[in-house]
Amino acid sequence: MNKIEDDKKRIAKIMEILEKEYPNVKSDLINTSPFQLLIATILSAQCTDKRVNMVTPKLFSEYPTAKELANAENEDVEEIIFSTGFYKNKAKNIISCSNYLLENHSGEVPSTMEELVKLPGVGRKTANCVLGNYFEPEGIVVDTHVIRITNLLGFVKTRNAEAIERYLMKIIDKKYWVNSTHYFIRLGRAVCIARRPKCSECKIKQYCNNYKENMKL
DNA sequence: CTCCCGATAT
DNA sequence: ATATCAGGAG
């Protein structure tokens with residue numbers, strides 16, 4: 001009857017199942033500080049976490065904090081992060097981002113959405129990621145997996161990340177705001193794969209509109 | 001909306 | 001060959 005109330009119950013069940021399936025989830029991006037997670041997340045745009053983790057050990061070894069990265073040469077950074085793609089934009093962003101942190105936040109990463117999205121190369125997705133892992137979440141990370149899976153499940157019918165985030169914040173219990181994204185990412189990589197979803201192996205197929213409409217009957 | 005862009009699986 | 005990967009800026 002009431003879609004929101006119905007969706008609240010359905011996603012609560014889904015969270016319960018995925019929590020059992022993927023216990024102790026956390027970010028797969030290698031990092032030892034908010035600054036490093038921020039940089040790694042900027043690098044992760046349209047790129048796999050595995051690939052980002054191949055370049056960040058060298059990057060963070062040479063430029064461990066905003067202080068070092070702010071004074072880095074553009075070409076040196078480009079060479080290290082080249083394989084992550086969009087390397088010119090990403091190099092420019094993480095260097096000017098480091099400069100901004102030095103000038104405005106003593107080199108530390110701010111802990112609010114309002115301040116984070118002012119950083120060059122940082123939008124709501126990256127900001128939510130840093131907030132959720134190191135501070136208090138102000139929203140829900142909506143990445144490519146969350147967009148695809150929430151549409152397939154039937155919670156939303158849009159590719160607009162902000163619209164999806166607003167709706168998920170209405171229906172997901174706040175205790176799952178951080179982990180729900182991790183669950184969808186794990187499910188998206190292993191089971192609900194973009195090119196070919198493995199619905200037969202899916203633990204939440206009984207709660208999935210796409211499965212009910214296309215796979216059954 | 002387009003552009004940025006390399007690595008990988010299919 | 002083509003779609004996809006923890007997106008963001010103009």
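Just the heavy atoms: all of them, side chains too, but no hydrogens, waters or symmetry mates, feed the values below. Model, not experiment: these values are computed from the prediction. So you know, we letter chains A, B, ... as the sequences are listed, proteins then strands, and number each from 1.
In this structure, the CD atom of A:Gln46 is 6 Å from the C1' atom of C:dG7, given to the nearest Å. C:dA6 atom C1' lies 17 Å from atom OH of A:Tyr183, rounded to whole Å. In this entry the distance linking CG of A:Asn160 with P of C:dG8 reads 13 Å, nearest Å. We find that OH of A:Tyr87 is positioned 20 Å from P of C:dA9, with the value rounded to whole Å. For the pair A:Leu187 CG and C:dC5 P, the computed distance is 13 Å after rounding to whole Å. To the nearest angstrom, P of C:dG7 lies 16 Å from CD1 of A:Ile39. Taking atom NZ on A:Lys90 and atom P on B:dC5, their separation rounds to 9 Å, with Å as the unit. Distance, A:Lys92 NZ to C:dG8 C1': 11 Å, rounded to whole Å.
For the OP1/OP2 pair of B:dG6 and a distance below 4.0 Å, the side-chain nitrogens and oxygens of A:Arg51 include no atom meeting the criterion. For A:Arg148 and C:dT4, the shortest distance from a side-chain N or O to OP1 or OP2 is not below 4.0 Å. The phosphate of C:dC5 (OP1 or OP2) has a side-chain N or O of A:Thr144 nearer than 4.0 angstrom. Phosphate contact (OP1/OP2 of C:dG7, side-chain N/O of A:Thr41, threshold under 4.0 Å): absent.
Nucleotides C:dA6 and B:dT2 are separated by 24 Å at their P atoms, to the nearest Å. Distance check on atom P: B:dC5 versus C:dG10 gives 14 Å, rounded to whole Å.
Taking the nucleotide of DNA chain C with the nearest heavy atom to each of A:Val141 and A:Val122, the more 5' of the two is matched to A:Val141. Nearer the 5' end of DNA chain C, as judged by each residue's closest nucleotide, is the contact made by A:Thr48, out of A:Pro120 and A:Thr48. Nearest-nucleotide assignment on DNA chain B puts the 5′-proximal partner with A:Thr84, out of A:Met54 and A:Thr84.
Checking C:dG7, C:dA6, C:dC5 against every side-chain atom of A:Ala194, the shortest atom distance belongs to C:dC5. Among the nucleotides C:dG7, C:dA6, B:dC4, the one closest to the side chain of A:His182 is C:dA6. The side chain of A:Arg195 approaches B:dA9 more closely than any other nucleotide in the set C:dC5, B:dG6, B:dA9. Here C:dA6 is the nucleotide among C:dG7, C:dA6, B:dG6 with the atom lying nearest to any side-chain atom of A:His145.
An aromatic stacking contact links A:Phe86 with the base of B:dC4, defined here by ring centres under 5.5 Å apart and ring planes under 30° from parallel. Centre separation under 5.5 Å together with a plane angle under 30° does not hold for the ring of A:Phe184 and the six-membered base ring of C:dA6, so they are not marked as stacked.
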Any chance you could lay out the salt bridge (charged side-chain N to carboxylate O under 4.0 Å, His left out) test for A:Lys3 and A:Asp6, step after step, and finish with the verdict?
CA-CA 5 Å; A:Lys3 174 167 166 58; A:Asp6 200 54; over 6 Å; no

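Looking at A:Leu43 and A:Leu59, their side chains come closer than 4.5 Å, going by heavy atoms from C-beta outward. A:Ile204 has its side chain out of reach of A:Glu16: every pair of non-hydrogen atoms, C-beta onward, lies at least 4.5 Å apart. At a threshold of 4.5 Å between non-hydrogen side-chain atoms, the residues A:Ile11 and A:Tyr176 do not count as touching.
Among the protein residues, A:Lys88 comes within range of the sugar-phosphate backbone only, with heavy atoms under 4.0 Å from sugar or phosphate atoms but none that close to a base. Among the atoms of the strands shown, only primed sugar atoms or phosphate atoms (P, OP1, OP2) are found under 4.0 Å from some heavy atom of A:Leu119.
Using a distance-only test at 3.5 Å, with no hydrogens or angles considered, no donor-acceptor pair links the side chain of A:Lys125 to the main chain of A:Asp143.
Interface remark: the A:Ser27 side chain does form a donor-acceptor pair with the C:dA6 base, using a distance-only criterion of under 3.5 Å.
Among all heavy-atom pairs drawn from A:Ile30 and A:Phe60, the shortest one is O-CE1, 3.8 Å.
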